[in-house]
Amino acid sequence: DPKIIQKPKYLVAVTGSEKILICEQYLGHNAMYWYRQSAKKPLEFMFSYSYQKLMDNQTASSRFQPQSSKKNHLDLQITALKPDDSATYFCASSQEGQGNERLFFGHGTKLSVL
Amino acid sequence: QQQVRQSPQSLTVWEGETAILNCSYENSAFDYFPWYQQFPGEGPALLIAIRSVSDKKEDGRFTIFFNKREKKLSLHITDSQPGDSATYFCAAKKGNTGKLIFGLGTTLQVQP
């Protein structure tokens, strides 16, 4: 059973549109993250949330907005989509504060912007 | 400017051989170095990790060798199996944060 559920697995969007990537984790973790994996680039940290509060934001563009409606949810809203946004977006989680630094990743949402 | 570098980009070994994957980093403040394994269509999964206070970490067929002075580390996979064929990412971070800095990865192919 996947412990981190990302929906959808694949997503095709047109330039200028808006999409929401869904992430739910069932590991009981208090911290959640978004990472992006683009072609020819390293897996890149985007956001971190702890207890539903934004802790770190490394995404320059305000077009990317994380949304945490519940403790185990961290969705990612992307507006005014551009072809450069095409990537696989990974949600991850961890249990902070207990010396456990292990990040668990979901299977990703592969976004293609046409 | 890449903070974590990996080599080679791809590696092919025969079943039973030892695969050696290399990693180097820039920031001397990094103190935790996990290696993640990723299969196509899946997310990265933690394989093994080392802290900067250690120079070696072993887990079964997987061993990390760490050289703090040279800011280098390597992952050795002994008795490689076809099921080990995957992309391996070296990552690094400092302090109590979930922000990992990843390398570009090494794609390992183990031929039967």
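Chain naming here is simple, since letters A, B, ... match the order of the sequence lines and numbering starts at 1 in each.
- Hydrophobic clustering (side-chain heavy atoms under 4.5 Å, transitive across Ile, Leu, Val, Met, Phe, Trp, Tyr) groups A:Tyr89 together with A:Leu11.
- Atom CG in A:Leu103 sits 8.5 Å away from atom NZ in B:Lys93 (nearest 0.5 Å).
- Considering every non-hydrogen atom in both B:Gly103 and A:Pro42, the closest pair reads O-CB, 3.8 Å.
- Between B:Phe102 and A:Tyr35 there is a side-chain heavy-atom pair separated by less than 4.5 Å.
- Note: the hydrophobic cluster containing B:Leu11 does not contain B:Leu104 (ILVMFWY, side chain heavy atoms under 4.5 Å, direct or indirect links).
- Looking at A:Gln58, only its side chain comes within 4.5 Å of chain B, counting heavy atoms on both sides.
- A search for ring pair (Phe, Tyr, Trp, His ring centres under 6.0 Å) contacts involving A:Phe47 returns nothing, not counting sequence neighbours.
- For residues 28-49 of chain B, heavy-atom neighbours of chain A at less than 4.5 Å comprise B:Tyr32, B:Tyr36, B:Gln38, B:Gly41, B:Glu42, B:Gly43, B:Pro44, B:Leu46, sorted by residue number.
- To the nearest 0.5 angstrom, B:Thr87 atom OG1 is 11.5 Å from A:Leu43 atom CG.
- Within 6.0 Å of the NZ atom in A:Lys110, the count of heavy atoms belonging to other residues, nucleotides or ligands does not exceed 12.
- Taking CD of A:Glu44 as the start and NZ of B:Lys99 as the end, the distance is 9.5 Å to the nearest 0.5 Å.
- Residue B:Gln9 qualifies as open at atom CD: its count of foreign heavy atoms under 6.0 Å is 12 or below.
- For A:Gln37, the part sitting under 4.5 Å from any heavy atom of chain B is the side chain, from C-beta outward, and nothing else.
- Taking hydrophobic clusters as Ile, Leu, Val, Met, Phe, Trp and Tyr residues chained together by side-chain heavy-atom distances below 4.5 Å, A:Ile22 does not share a cluster with A:Val113.
- Transitive grouping of hydrophobic side chains (ILVMFWY, heavy atoms separated by less than 4.5 Å) brings B:Leu21 and B:Val4 into a common cluster.
- The ring pair (Phe, Tyr, Trp, His ring centres under 6.0 Å) search around A:Tyr49 returns none, not counting sequence neighbours.
- Within residues 69-77 of chain A, no residue has any heavy atom closer than 4.5 Å to a heavy atom of chain B.
- Follow the hydrophobic side-chain contacts under 4.5 Å out from B:Ile101 and you reach B:Ile64 in the same cluster.
- If you measure heavy-atom distances from A:Lys9 to chain B, the contacts under 4.5 Å come from the side chain alone.
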